[in-house]
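One structure is given below, encoded as structure tokens.
Convention: sequence-line order gives letters A, B, ...; per-chain numbering from 1.
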There are 2 protein chains.
Amino acid sequence: MIPDSAAAFPVTVDVVALTVRDGALQVLLVDRLLEPFRGTRALPGGFVLPDESLEDAAARELAEETGVVAPSGNGPGPGHPWHLEQLRTYGPQGRDPRGPVLSVAYLLLAPAFGLPAPGGDAAEAAWFPVPDAEEPGPAGTAPLGALAFDHDRILADGVERARAKLEYSPLATAFCADEFTIGELRAVYEAVWGTHLDARNFHRKATGTPGFLEATGRLRAEGPGRPAELYRLAPSVDPAAAVLHPPLLRPPATPAPPT
Amino acid sequence: MIPDSAAAFPVTVDVVALTVRDGALQVLLVDRLLEPFRGTRALPGGFVLPDESLEDAAARELAEETGVVAPSGNGPGPGHPWHLEQLRTYGPQGRDPRGPVLSVAYLLLAPAFGLPAPGGDAAEAAWFPVPDAEEPGPAGTAPLGALAFDHDRILADGVERARAKLEYSPLATAFCADEFTIGELRAVYEAVWGTHLDARNFHRKATGTPGFLEATGRLRAEGPGRPAELYRLAPSVDPAAAVLHPPLLRPPATPAPPT
DNA sequence: ACAAAAGTGTTTTGTCTACACCCATGC
DNA sequence: GCATGGGTGTAGACAAAACACTTTTGT
């Protein structure tokens, strides 16, 4: 019933896994063990199996190549702040030397987590900072511009999607642990956007936006300074669909001074 | 070199073609001539050929099933206000009775155009109004809820994408002819969002947003009332990438009274 | 003259920004 | 005490909603 003219394409999933570590936006990259692009850095990913959903394939490849076990789907329950969403699909022509291959890219936003022993088709999975500007840095600081396949473009698309989503969705909390302080949340915005935000105004805006945060009543003291109140993502909200009103807009341009 | 465990999937493209006709947001649907879902309404679409790009396949299927010749890509030149962008990809499992099939959906925003003779795998391509609310209307007014495959969901995703994009991008102009009046542009916003906008404030906002509109200096008189100035989309802007600042936000909720 | 649509001005209301200021802790 | 980070108050800049008003056409 499917016409003969219809071609069948191998399909891969590639995951842009982002986190905030050491005050910077970082991406999870692997070293490829197999051809093509053997020895080159790439996004974790691989071929979709016959009976798999795309999202399951993304979670499986992430687990195989980085040892990370992601919850299937966007865990709504507490303790699963991770967020996995589809980014876009990159066309079959001219992106794989082996022939036409379709790649469905996924975006994973997660708190910083350790990287167990690698396996599968990749070795040395590690976090790499995403440079603030999209242009590769002058020194060897920028991992961009050197990835396998069209992964540079996929990474750029993923970073831009993450930056845009922080403005009007509660997804910044996906980078935080289950409970977090306003300061930690602000650090997420500053790292992802590469900007400096006024701590006082951010506090008012974050706590004053309905449907965003819920106070736990507990405090957390960390180093000097007054202990901060702990918050969690407001319940009864799908963080992928909720809309912040008013949105938290990123300022036009004023990079943070490198502390 | 491609592992045997990797499956190959048939891939289709489906096009959510939206326009504004008679003051309402409308979608282009076809009647399927072949199984499965023969006789059911569906989005225009079909299988991707071996050497085709996804975008080319979307344009080809649209032309085959509706007689519409879309420009390949987003024509930047004047006279090609159409806009074609990828929407998202719908997973291979459980969406086609013939087996796992991947579908990459595209969103086409276009001025109202006539429909030449149909051909290919579909007949009776026609425009259908998209109901304001997502719930199907009580009477037989709503074509949603009755489409083939998972096209109801794809249509809902496309409509939501279009509604969101009008806020922060100049894509509302994709629904207009090459030159248009502020009133026509406002009618687009009102039809897509299903709201009523204040004509005076809209005029000021649209003409005052930098990088959005360019005055032609000409006028157009249509019926009674003062003739309106003609505008075109500001040049030197990629309408798909440009960002309106400040954005044109849709009001929370107040449906327009049916004139 | 009248209706209808285009375009401008003004007032009010709210939101963002910047910054002064107090609070609670470690040292 | 003093540095450090958390949290609140407030004045000016700025943008948006509401609406009075003028302009220019068709009938």
Give the rounded distance in Å between these two atoms: [atom1] of [X] and [atom2] of [N].
| X | N | atom1 | atom2 | answer |
| --- | --- | --- | --- | --- |
| A:Phe202 | D:dT8 | CZ | P | 14 Å |
| A:Glu184 | D:dG5 | CD | C1' | 13 Å |
| B:Leu197 | C:dG7 | CG | C1' | 17 Å |
| A:Leu185 | D:dG6 | CG | P | 12 Å |
| B:Arg220 | D:dG26 | CZ | P | 15 Å |

Residues in side chain to side chain contact (heavy atoms under 4.5 Å, CB included) with [X], at least two apart?
| X | value |
| --- | --- |
| B:Ala164 | B:Glu160, B:Arg250 |
| A:Arg204 | A:Asn201 |
| B:Asp157 | B:Leu87, B:Arg88, B:Tyr90, B:Arg153 |
| B:Ala172 | B:Leu166, B:Leu185, B:Val188, B:Tyr189 |

Can you build the contact string for nucleotides 12-20 of chain D? Use B for base contact, S for sugar-phosphate-only contact, and - for no protein heavy atom under 4.0 Å. ----SBBBB

Residues pairing under side chain to side chain donor-acceptor pair (under 3.5 Å) where one sits in residues 208-217 of chain B, two or more places apart or in two chains, turn out to be B:Glu214-B:Arg232

Whether B:Phe113 and B:Trp82 hold their rings parallel, tilted or perpendicular, with breakpoints at 30° and 60°: tilted

What contact category does A:Ala221 fall into here, base, sugar-phosphate, or nothing, at under 4.0 angstrom with non-hydrogen atoms? nothing

With heavy atoms under 4.0 Å as the rule, sort A:Glu222 into base, sugar-phosphate or nothing. nothing

Between the protein and nucleotides 1-4 of chain D, list the N/O to N/O atom pairs that are separated by less than 3.5 angstrom.
| unit_1 | atom_1 | unit_2 | atom_2 | d |
| --- | --- | --- | --- | --- |
| D:dT4 | O2 | A:Gly225 | N | 3.1 |

Residue set satisfying side chain to side chain donor-acceptor pair (under 3.5 Å) with B:Arg220, at least two apart, ordered chain then number -> B:Glu184

For residues 105-115 of chain A, the salt bridge (Lys or Arg N to Asp or Glu O under 4.0 Å) pairs (sequence neighbours left out) are none

side-chain contact (heavy atoms from CB on, under 4.5 Å) with B:Tyr231: of B:Thr173, B:Thr207, B:Thr181, only one passes, and it is B:Thr207

Please determine whether a side-chain nitrogen or oxygen atom of A:His203 lies at a distance below 4.0 Å from atom OP1 or OP2 of D:dG7. yes

If you assign A:Leu219 and B:Arg186 each to the DNA chain C nucleotide with the nearest heavy atom, which residue ends up on the more 5' nucleotide? B:Arg186

